[in-house]
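See below for the structure under consideration.
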Amino acid sequence: MTSRQIRQQFLDFFASKGHKIIPSAPIVAKNDPTLMFVNSGMAPLKDFFLGNQTPPALRIADTQKCLRVTGKHNDLEDVGRDGYHHTMFEMLGNWSFGDYFKREAIAWSWELLTEVYRLPKDRLYVTVFKGDAAENLPFDEEARTEWLKYVPEDRILPFGKKENFWEMGEQGPCGPCSEIHIDLRSDAERATRDGRELVNADDPNVIEIWNNVFMQFNRRADGSLEELPAKSVDTGMGFERLCRAIQGTPSNYDTDLWRPLFDFLEKYTGIRYEGTYPGLHTDWKMTDVAMRVVADHLRAVCFTIADGELPSNTGAGYVIRRILRRAVRYYYSFLEQKEPLMYRMAPILAEEFADVFPELKAQIDFVVRVVLEEEKAFLRTLESGLRRLESLEVHKGILDGRQAFELYDTFGFPIDLTRLIAREKGWTVDEAGFEKALQEQKERSRKDAAKTVGDWTVLRDESDVSFVGYDQLEVDDAYVLKYRTVQVKGKPQYHVVLNRTPFYPEGGGQVGDTGWLYFGDEKIQVLDTKKENDLVIHYVERLPQNIEAPAVRAQVNVHRRRLVENNHSATHLLHAALRRVLGQHVQQKGSYLDDQTLRFDFAHFQKVTDEELAQIEHLVNEKIRENIALEEARSIPLEEAQKAGAMMLFGEKYGERVRMITFDPTYSRELCGGCHVKQTGRIGFFKIVSEGAIAAGVRRVEALTADAAERHVAALEREMASIRALLKAQEPARAVAELQEENKRLHKEIERLLWQQASQVRQQLRQQAEQRNGFAVVTAVTTLSDTNIIKTLASELERELGTAVVALGSISGEKPLLTLRISEALVSKYGLHAGNIARELAQKYLKGGGGGQPVFATAGGTDASRLLEAVEAVKGYLP
RNA sequence: GGGGCAUUGGCUCAGUUGGCUAGAGCGCUGCGUUCGCAUCGCAGAGGUCGCGGGUUCGAGUCCCGCAUGCUCCA
């Protein structure tokens with residue numbers, strides 16, 4: 001059975017049991033501050049369990065893209081070393097929201113595994129929750145009873161809270177779970193040891209494949225548990241493991257899911273993949289580990305980029321960069337590949353997953369480009385790190401830990417490569433010193449990030465929060481549901497949640513609203529509005545006295561909101577214009593808009609030319625002048641919007657019902673939750689102010705609308721007018737070019753004259769030279785002022801006179817300058833030192849200081865009155 | 001969000017504790033060598049040392065701020 005069939009059968013099976021099949025949510029977690037990436041099938045459905053949103057159906061099932069880089073048994077550094085850990089993986093899941101419970105969940109999981117997939121029953125074990133006295137939780141008798149219908153008693157194993165009780169967080173839904181484990185050992189091994197002993201014992205061949213969570217309790221803030229009225233089921237089955245179990249391969253990596261990637265690697269590198277593992281095979285190959293790392297990380301990187309998260313130096317983007325770089329490190333060190341490689345593999349992956357996750361194939365050119373650039377950048381970093389490492393001074397064969405850390409921390413050179421090279425050179429690395437520096441760095445960051453989130457004070461326990469800001473900018477009958485204080489760097493922030501609000505929370509690139517809340521006579525400023533798990537949070541300047549006021553008036557800053565709307569609608573018009581002018585490959589990669597400006601990032605591979613920009617700007621302005629009326633479909637089924645041709649974004653999670661914003665059905669139609677003008681005419685005027693690159697394959701356009709655009713143009717005109725006035729020219733550009741030319745010519749002319757003057761002075765001084773003890777001495781105060789010329793003059797004189805001492809005084813501005821040159825021969829013969837002489841003279845006569853080399857020195861000061869004396873005094877130092 | 005590092009001709013980089021006339025290689029221009037090209041030789045152009053303050057007699061070099069890039073950590 002192929003992996004495609006296995007996946008499809010899962011979905012078909014649950015569809016036949018009345019489940020609605022939903023597409024995978026994007027792998028990048030948005031809207032959830034506690035999570036960067038979706039790490040389980042359940043994560044995108046959290047709001048349904050918390051009651052913040054209604055699920056599209058009571059029974060749903062899907063395969064979800066997941067990414068795990070940290071966790072108790074899954075450190076990024078371990079991936080590739082064994083056969084069952086991955087960064088990116090698929091999780092199959094079926095859910096019941098207050099619908100079926102243990103009986104059906106258990107029956108169906110057994111049916112699917114044994115009858116559809118035909119896994120041997122005698123290799124399956126199940127676990128149930130054995131209860132916990134301290135928590136006052138009973139043995140999960142119900143699950144055991146259900147299992148007894150299919151599984152003999154001795155294969156139903158009880159486990160405690162750690163393995164078999166699941167909680168979403170410190171509060172909220174939780175409950176016992178029941179896992180299905182499979183014993184994949186050979187018959188011979190099975191004969192020697194009972195599989196029951198190996199369940200939950202970290203044996204690579206006796207593994208959990210399916211977890212069924214039965215949510216039946218709610219954990220309250222005080223830690224107590226209450227029985228939920230509507231009980232739910234949440235299940236998750238690791239797809240890669242399931243494929244391994246069904247296909248009977250020695251590890252996940254030997255299934256057909258990975259074969260095409262290994263085929264490519266074998267062909268490209270000429271190294272055979274042998275499927276060995278450290279710890280399992282005595283003759284294991286590092287090349288095998290490296291190939292698994294590359295193949296695994298490729299999947300993580302490609303799918304995440306396709307979902308809109310680009311490699312960067314911060315946040316989720318940084319995690320992606322780290323994963324990609326780990327892969328590069330492995331192929332660079334162990335597969336002997338010194339050129340970009342993974343970008344060639346991305347299309348293979350896209351083809352493999354074209355039917356399940358089409359978003360990758362749809363954007364493959366873009367993904368390839370980004371991966372290539374990122375690989376190139378890191379290979380450059382490696383090269384320069386190597387050079388730096390080569391030039392380090394190493395004492396007693398121990399590479400200083402701080403130096404190793406500096407290479408890593410400042411120059412991004414991986415510590416394991418440092419170790420590898422150190423070993424080749426016969427050095428050891430001071431690991432303790434490295435570790436200490438790393439811990440210090442972590443401590444610094446943690447300390448900074450420290451913010452204490454106070455508990456919510458709940459005034460009314462209602463979960464129904466409504467946003468009315470599309471239609472109203474003011475409500476006068478709201479009340480506070482809850483509030484809290486958050487300490488950020490010692491400064492308090494106050495958060496307030498209302499039952500109804502006209503305030504738009506930051507999202508979809510649009511800034512949050514500001515405005516005011518009136519608690520009776522008390523007026524509180526709203527500084528910002530943000531969303532957390534579908535909860536609208538008002539950031540206020542302070543908490544009111546009367547926070548329990550029954551009727552709070554909430555008023556959005558209307559003027560600001562209107563400007564934001566202008567920019568948001570203009571962004572839609574711009575998006576459509578870009579696609580018309582540049583082509584359909586233009587995909588939104590991000591946007592930001594507030595009351596001042598708008599920014600729009602999109603996939604495009606070349607610079608947008610000035611002509612194209614002009615065309616785009618013109619098209620948008622044309623649409624503004626057409627004064628198109630907004631068509632808003634506030635809640636229509638997703639399929640209907642798709643049929644209508646609405647633009648959807650990759651990496652965006654859409655619900656069952658969506659909001660569709662149209663400005664002329666033949667021009668712009670997007671799914672969007674933001675705020676818009678009623679007529680495009682309101683935008684007034686659209687002006688692009690900049691275009692540039694922000695990442696590989698991503699361009700950014702910044703533009704202004706309405707008053708801001710007008711002000712911008714007016715400022716440009718004023719500036720132009722003043723330039724024209726100054727130049728008194730019709731063609732300022734040409735006039736400036738001519739001026740620059742002229743200026744350059746004059747500069748050269750002045751320099752030429754100065755040198756001419758200097759050369760006259762030189763001839764004069766040469767004649768004035770005194771002879772003593774077989775060398776020439778020149779002492780003089782000149783009227784030259786350019787220090788460079790004087791320095792040159794001194795050295796030329798010295799050269800012309802053969803063996804000589806040249807001491808020149810000059811005045812630059814108000815300040816005296818002494819330049820002293822002594823021939824090398826005199827320096828070595830008499831031990832003269834120009835620097836020391838200059839310093840002493842400057843201190844004595846000039847109220848200053850000086851210094852330099854034995855043969856050449858300069859000195860200066862603040863008092864020029866005794867300059868001549870100083871120059872003459874040089875003679876006192878000479879033999 | 002918090003650290004570290006970097007920013008010097010078109011490109012890649014040197015520039016010791018502040019003081020030799022800001023350099024090197026590649027590239028560019030011209031001339032020569034050559035039937036021509038590559039090569040080689042000679043000559044030359046090209047730099048507000050990221051920006052703004054400060055310390056100093058003197059700052060590419062030290063201090064502060066800003067910008068941009070790289071990098072590590074959260």
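Each chain gets a letter, A, B and so on, in the order the sequences are listed, and its residues count up from 1.
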Spacing of [X] atom [atom1] relative to [N] atom [atom2], expressed in whole Å:
X      : N     : atom1 : atom2 : result
A/R444 : B/U71 : CZ    : C1'   : 13 Å
A/Y408 : B/G4  : OH    : P     : 17 Å
A/L793 : B/C20 : CG    : C1'   : 16 Å
A/Q403 : B/G4  : CD    : P     : 18 Å
A/R762 : B/U21 : CZ    : P     : 16 Å
A/Q493 : B/G1  : CD    : P     : 13 Å
A/L324 : B/U71 : CG    : P     : 12 Å
A/E443 : B/G2  : CD    : P     : 17 Å

Between [N] and [M], how many Å separate the two [atom1] atoms, rounded to a whole number?
N     : M     : atom1 : value
B/A45 : B/G9  : C1'   : 10 Å
B/U21 : B/G47 : C1'   : 15 Å
B/G19 : B/G23 : P     : 15 Å
B/A74 : B/U56 : C1'   : 41 Å
B/U16 : B/U34 : C1'   : 46 Å
B/C73 : B/U29 : C1'   : 50 Å
B/A22 : B/U8  : C1'   : 8 Å

Partners meeting side chain to side chain contact (heavy atoms under 4.5 Å, CB included) with [X] (sequence neighbours left out):
X      : answer
A/F405 : A/Y408, A/D409, A/F434, A/A437, A/L438, A/Q441
A/F413 : A/L382, A/L386, A/L389, A/L407, A/L417, A/T418, A/I421
A/P311 : A/I305, A/I320, A/R321, A/V370, A/E374
A/R839 : A/N836, A/Q843

With RNA chain B as reference, determine whether A/A316 or A/L407 sits nearer its 5' end, using the nearest nucleotide of each. A/L407
Cation-pi between A/K791 and A/F856: NZ/CZ under 6.0 Å from ring centre and within 45° of the ring axis? no
If a protein heavy atom is under 4.0 Å from the base, mark B; if only from the sugar-phosphate, S; if neither, -; do that for nucleotides 61-70 of chain B going 5' to 3'. ----------
A/R484 side chain to A/H495 main-chain N or O, any donor-acceptor pair under 3.5 Å? no
Donor-acceptor check, side chain of A/S333 to backbone of A/Y330, threshold 3.5 angstrom: yes or no? no
RNA chain B contacts made by residues 851-865 of chain A, counting heavy atoms under 4.0 Å: A/G851, A/G852, A/Q853, A/F856, A/T858, A/A859, A/G860, A/G861, A/T862
Using a strict heavy-atom distance below 4.0 Å, which residues from residues 828-850 of chain A are in contact with RNA chain B? A/G849, A/G850
Non-neighbouring partners of [X] that pass salt bridge (charged side-chain N to carboxylate O under 4.0 Å, His left out), sequence neighbours left out:
X      : answer
A/E798 : A/R821
A/K436 : A/E440
A/R766 : A/E800

Dot-bracket summary - RNA chain B, pairs being Watson-Crick or G-U whose distances fall under 3.5 Å, with | when paired to another strand: (((((((..((((.....[...)))).(((((.......))))).....(((((..]....)))))))))))).
Are any of A/Y318's side-chain N or O atoms less than 4.0 Å away from OP1 or OP2 of B/C72? yes
Selected nucleotide, minimal atom distance to [X] side chain, candidates [options]:
X      : options             : result
A/K815 : B/G58, B/C72, B/U21 : B/G58
A/D409 : B/C20, B/G3, B/C73  : B/G3
A/R322 : B/G3, B/C73, B/G58  : B/C73

With a sphere of 6.0 Å drawn around NZ of A/K844, does it hold more than 12 non-hydrogen atoms of other residues, nucleotides or ligands? no
Looking at B/G2, does its base get a donor-acceptor pair with the side chain of A/Q441 below 3.5 Å? yes
With a 4.5 Å cut-off on side-chain heavy atoms, are A/Q757 and A/T783 touching? yes
Would you say that A/E375 contacts A/L341 through its side chain, given a criterion of any heavy-atom pair below 4.5 Å between the two side chains? yes
With sequence neighbours excluded, tell me which residues meet side chain to side chain donor-acceptor pair (under 3.5 Å) with A/S591. A/Q588
Salt bridge check: are A/K376 and A/E339 linked by an N-O gap of less than 4.0 Å? no
Just checking A/F405: base, sugar-phosphate only, or nothing, at a heavy-atom cut-off of under 4.0 Å? nothing
Separation between CD of A/E309 and OH of A/Y318, rounded to the nearest 0.5 Å: 14.5 Å
